[in-house]
Amino acid sequence: MTSYSDRLKTFPIGEFSRRILNWYENNKRPLPWREDKDPYRIWVSEIMLQQTQVDTVKPYFENFMNKFPTPEALAEAEEAQVMKAWEGLGYYSRARNLQSAVKEVVQDYGGEIPKSPENFASLKGVGPYTKGAVMSIAYDLEEPAVDGNVMRVLARVLLIGDDIGKQRTRRQVEDDVRMLMAGTSPADFNQALMELGALVCTPKNPDCDACPVKNTCRAYQRSMVHALPVKAKKKKQQRRTMAAVVIENEKGEILVEQRPDKGLLAGMWQFPMVEATPDLQQVALNDYLKEAHQVDVELTETEQRFDHVFSHLIWDIHVFRGTAHVQAASPNGKWLTKTEAKQLAFSVSHQKIWEEQL
DNA sequence: TAGCCGTGGAA
DNA sequence: TTTCCAAGGCT
């Protein structure tokens with residue numbers, strides 16, 4: 001097997017760098033976070049772009065930067081407002097970690113994003129990729145930024161057959177990138193690799209005819225592009241049946257509850273919900289409402305039913321309705337007017353319930 | 001290490 | 001419909 005240190009021995013590094021940089025200069029997309037080199041804007045964009053497509057991020061980024069234009073503004077904001085701005089983007093710990101990290105930057109670094117990769121990487125939510133991306137793009141430091149695009153591009157160009165899901169493979173590719181980027185602009189080189197992966201060297205049906213580095217691509221030379229990168233299959237998601245309920249009291253208020261501050265959809269608001277086998281949903285829901293919210297309601301099942309798909313499990317959510325005749329105290333939840341409830345951050349599945357039932 | 005952590009787009 | 005996976009990080 002070819003080791004990472006051997007891969008580059010006979011590789012035309014200069015030609016590769018020259019070609020991909022030239023291509024990037026002529027083909028890069030105009031993106032909101034490319035308008036300047038503000039380290040804060042680039043940082044926010046990189047967090048949003050984690051496992052999230054560019055087109056999805058754009059409107060969130062614009063809105064987020066309008067509301068929290070500086071590190072100080074984000075540091076001082078209410079967490080609930082930050083979560084509301086993140087509503088629908090997913091991976092909500094990103095938002096909490098980002099605000100926590102920005103607070104640290106304001107307190108310990110005077111609001112200046114650290115120019116030291118080690119210091120920046122110590123912040124919450126900043127891993128190997130984000131460290132390299134922000135340090136190289138904002139400060140032009142010679143740091144690799146290896147994401148899924150870069151793994152795929154280099155797996156093909158350098159004919160790497162290792163599982164790209166393994167951490168060891170990513171570290172080896174980082175070493176490769178350090179060699180390849182030497183003497184170039186790290187900001188442009190990293191973005192060029194990612195842009196090529198996003199626009200040309202795509203997972204399916206890559207456009208090799210249009211590729212600026214096909215001459216140097218070992219997979220292309222061997223007609224192996226379709227077989228790379230190698231990635232272990234992930235196991236199927238587990239299905240769970242959930243019962244959610246919209247309860248309204250005589251004042252027109254509705255009952256909402258906040259999820260625990262750790263785990264799935266941490267801290268997000270939802271209509272009261274429990275896991276229950278399909279034939280025991282009403283029983284489970286009644287028990288739960290009595291115990292958690294001290295409410296005793298007559299339940300009606302609605303027609304609404306849908307899947308909420310996560311990366312590792314699927315909720316099959318059945319929606320019920322109920323009317324509360326007595327307004328009981330609810331330690332784990334809140335009775336809110338519809339206007340008040342709209343200020344809270346809900347997950348996408350509960351936004352669907354909201355739209356359908358209210 | 002591998003499982004947990006959201007959502008949507010594309011084929 | 002199903003599957004993959006997207007500018008990943010945490011534990």
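Proteins get letters first, then strands, A, B, ... in listed order; numbering begins at 1 in each.
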Could you give the NZ-to-P distance, from A:Lys58 to C:dA7, as a whole number of Å?
13 Å
Between atom CD1 in A:Ile164 and atom P in C:dG8, what is the gap in whole Å?
11 Å
If I take atom CG in residue A:Leu98 and atom P in nucleotide C:dG9, what distance separates them, rounded to the nearest angstrom?
13 Å
Base, sugar-phosphate or nothing for A:Trp33? Non-hydrogen atoms, less than 4.0 Å.
base
Flag the pair A:His350 / A:Phe271 as yes when at least one side-chain heavy-atom distance between them is below 4.5 Å, and no otherwise.
yes
A:Asp147 CG to C:dA6 P, straight-line distance once rounded to whole Å
8 Å
Indicate, with a heavy-atom threshold strictly under 4.0 Å, whether A:Arg152 touches base, sugar-phosphate, or nothing.
sugar-phosphate
Between A:Leu228 (CG) and C:dC5 (P), how many Å, whole number?
13 Å
Verify whether one side chain among A:Glu46 and A:Tyr129 offers a donor that lies under 3.5 Å from an acceptor in the other.
yes
Taking the C1' atom of each, how far is C:dA7 from B:dG3, in whole Å?
23 Å
Are any of the side-chain heavy atoms of A:Ser45 and A:Val57 separated by less than 4.5 Å?
no
Check whether any side-chain N or O of A:His312 sits under 4.0 Å from OP1 or OP2 of B:dC5, and answer yes or no.
yes
Whole-Å gap separating P (C:dA7) and CD (A:Gln191):
13 Å
For a quick test of reading the model, state the closest non-hydrogen atom pair linking A:Ala77 to A:Phe68 and the distance between them.
CB-CE2, 3.4 Å
When we call it a touch if two heavy atoms are under 4.0 Å apart, what does A:Lys166 touch: a base, just sugar-phosphate, or nothing?
sugar-phosphate
Base, sugar-phosphate, or nothing for A:Leu31, non-hydrogen atoms under 4.0 angstrom?
base
Find the distance A:Lys234:NZ to C:dA6:P and express it as a whole number of Å.
9 Å
Could you work out the separation of C:dT11 and B:dG6 based on their P atoms and round it to a whole Å?
13 Å
For side-chain contact (heavy atoms from CB on, under 4.5 Å), just list the numbers for A:Gln51 and A:Tyr91, CA-CA rounded to whole Å, side-chain angles, deciding distance to a tenth of an Å, and then say yes or no.
CA-CA 9 Å; A:Gln51 299 298 106; A:Tyr91 287 138; 3.7 Å; yes
Nearest-angstrom distance from the residue atom OH of A:Tyr129 to P of C:dC10
15 Å
If a protein heavy atom is under 4.0 Å from the base, mark B; if only from the sugar-phosphate, S; if neither, -; do that for nucleotides 6-11 of chain B going 5' to 3'.
BBBS--
Just checking A:Arg170: base, sugar-phosphate only, or nothing, at a heavy-atom cut-off of under 4.0 Å?
nothing
State, with a plain yes or no, whether a side-chain heavy atom of A:Glu253 is found less than 4.5 Å away from one of A:Leu336.
no
Taking the six-membered ring for Trp, are A:Phe320 and A:His318 closer than 6.0 Å centroid to centroid?
no
